[in-house]
Amino acid sequence: QKSKNKKSTPSIPVLIKKTLLLTTGFAIPIILSLLYFLSQGRLNDHLQHGLLHNFYYSDLWKLDLVHPALTIFFGTLGRHLILGSLMLYLLFTKRFSPKARFILGYLGLSIYAALYSNRPYAHYLLQIVPAISLCLGGILSKATHSANPRRFLATSLFLFLGLSGLISYEMKFRFFSTTNYYYDFALYGLGLIDQTEYHRRFNYLLSDNYQAANLIKQKQIPKIFIWGNNPMLYNLSDTLPVGRYTVLYHVKVLDALPKVIQNLQNNPPPAIVIMHKEKQKSPEFFSWLSANYTQTLALEYLTLYELIH
């Protein structure tokens, strides 16, 4: 039994070697991207807006916990300490098998990644799904070999659900019901509602988006700028955004509005879409828009302007 345990537990040098190999695998794509942008003379832009800017963007959202005292655990420093402690424990412990250590490490990294930006968006939790699947599989496999399967399963599920509930409750994750989407799709598939009604129920912007997209494609406009938050219009109209931002929300959050307006003035796009619900004010932008663009389509939620040639 001892020899079997020794054989299943790699030595520290072997673990370090495998960790370095795994780290190298993660680093290769990043290094290749750095070399590519270096060859294009845009390395600084790539570093600032492709890699390092992610850290800045993540720090913009401040934690709003139900119990502020727990900020020490959910804050940047706390998360780093918890993750580092977990990884060191899994690296040196012999209590778990290599397979179990990998799954627990993967789960820890996934939770860290999902919570990194401090934003309570439920879709961030999708990156935890693969790790949870492996974790549940490992729990069921371990339970079949446990002396008391029911107790083992109950304890494991209690810890798992307790941790999940604590994170969701404290960070106020926003969960949205998807039942209506399936219900409306079934009605549409059975012919009980027409396409116009289906679009209206799916998203209030869809009807306007399809009308605007059809006109944009008819006129073969390659690029548009959207003053507002309506990124699906790019896909529907087969166009590309002007610059690196697809929604005005990111422009405002990153304090990039003056630079975006300057870029628009230096390189006017063929068309601009104004979303009526966008509350951002900019006399400079709208004055420039009135002088250089003409209105070609006015709908309930958006207006399309084309460049005056």
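What you see is a predicted model, and the numbers here were worked out from it, not measured in a lab.
By the 6.0 Å contact criterion, OH on Tyr183 is open, its count of non-hydrogen atoms from other residues, nucleotides or ligands being 12 or less. With a 6.0 Å radius and a threshold of 12 heavy atoms from other residues, nucleotides or ligands, Tyr169 has its OH atom at or below the threshold.
At least one side-chain heavy atom of Tyr124 sits less than 4.5 Å from a side-chain heavy atom of Ser117. For the pair Ser282/Ile261, a side-chain contact is recorded, criterion being any heavy-atom separation below 4.5 Å from C-beta on. Using a 4.5 Å heavy-atom threshold, the side chains of Val251 and Gln280 count as separate. By the 4.5 Å heavy-atom criterion applied to side chains, Thr239 and Pro222 are not counted as neighbours. Put simply, the side chain of Leu299 reaches to within 4.5 Å of the side chain of Gln211, judged on heavy atoms.
Under the 30°/60° scheme for interplanar angles, the aromatic rings of Trp227 and Phe285 are found to lie parallel. Using the six-membered ring where Trp is involved, Phe96 and Tyr89 have ring planes that are perpendicular, over 60° apart on the 30 and 60° scheme. Using cut-offs of 30° and 60° on the angle between ring planes, the pair Tyr204 and Tyr301 is perpendicular. The aromatic rings of Tyr121 and His123 lie parallel to each other, their planes meeting at an angle below 30°, with 60° marking the opposite boundary. Aromatic ring pairs are classed by plane angle as parallel below 30°, tilted from 30° to 60° and perpendicular above 60°; the pair Phe37 and His46 is parallel.
Within the structure, salt bridge (charged side-chain N to carboxylate O under 4.0 Å, His left out) contacts touching residues 281-309 (residues at least two apart or in different chains) are Lys219-Glu306.
A cation-pi arrangement is absent between Lys223 and Tyr234, since the terminal nitrogen or guanidinium carbon is not both under 6.0 Å from the aromatic centre and inside a 45° cone about the axis.
Minimum heavy-atom separation, Leu302 to Val273: CB-CG1, 4.0 Å. Across all their heavy atoms, Leu297 and Ala212 have their closest contact at CD2-CA, 3.7 Å. Taking each heavy atom of Phe152 and Ile139 in turn, the nearest pair found is CE2-O, 3.4 Å.
Between the side chain of Gln40 and the backbone N or O of Arg42, no donor-acceptor pair lies under 3.5 Å. For the pair Asn229 (side chain) and Val247 (backbone), a donor-acceptor distance under 3.5 Å is absent. No side-chain donor-acceptor contact under 3.5 Å links Ser156 to the backbone of Leu153.
Tyr181 and Phe185 have their aromatic ring centers separated by at least 6.0 angstrom. Centroid-to-centroid, the aromatic rings of Tyr305 and Tyr293 stay 6.0 Å apart or farther.
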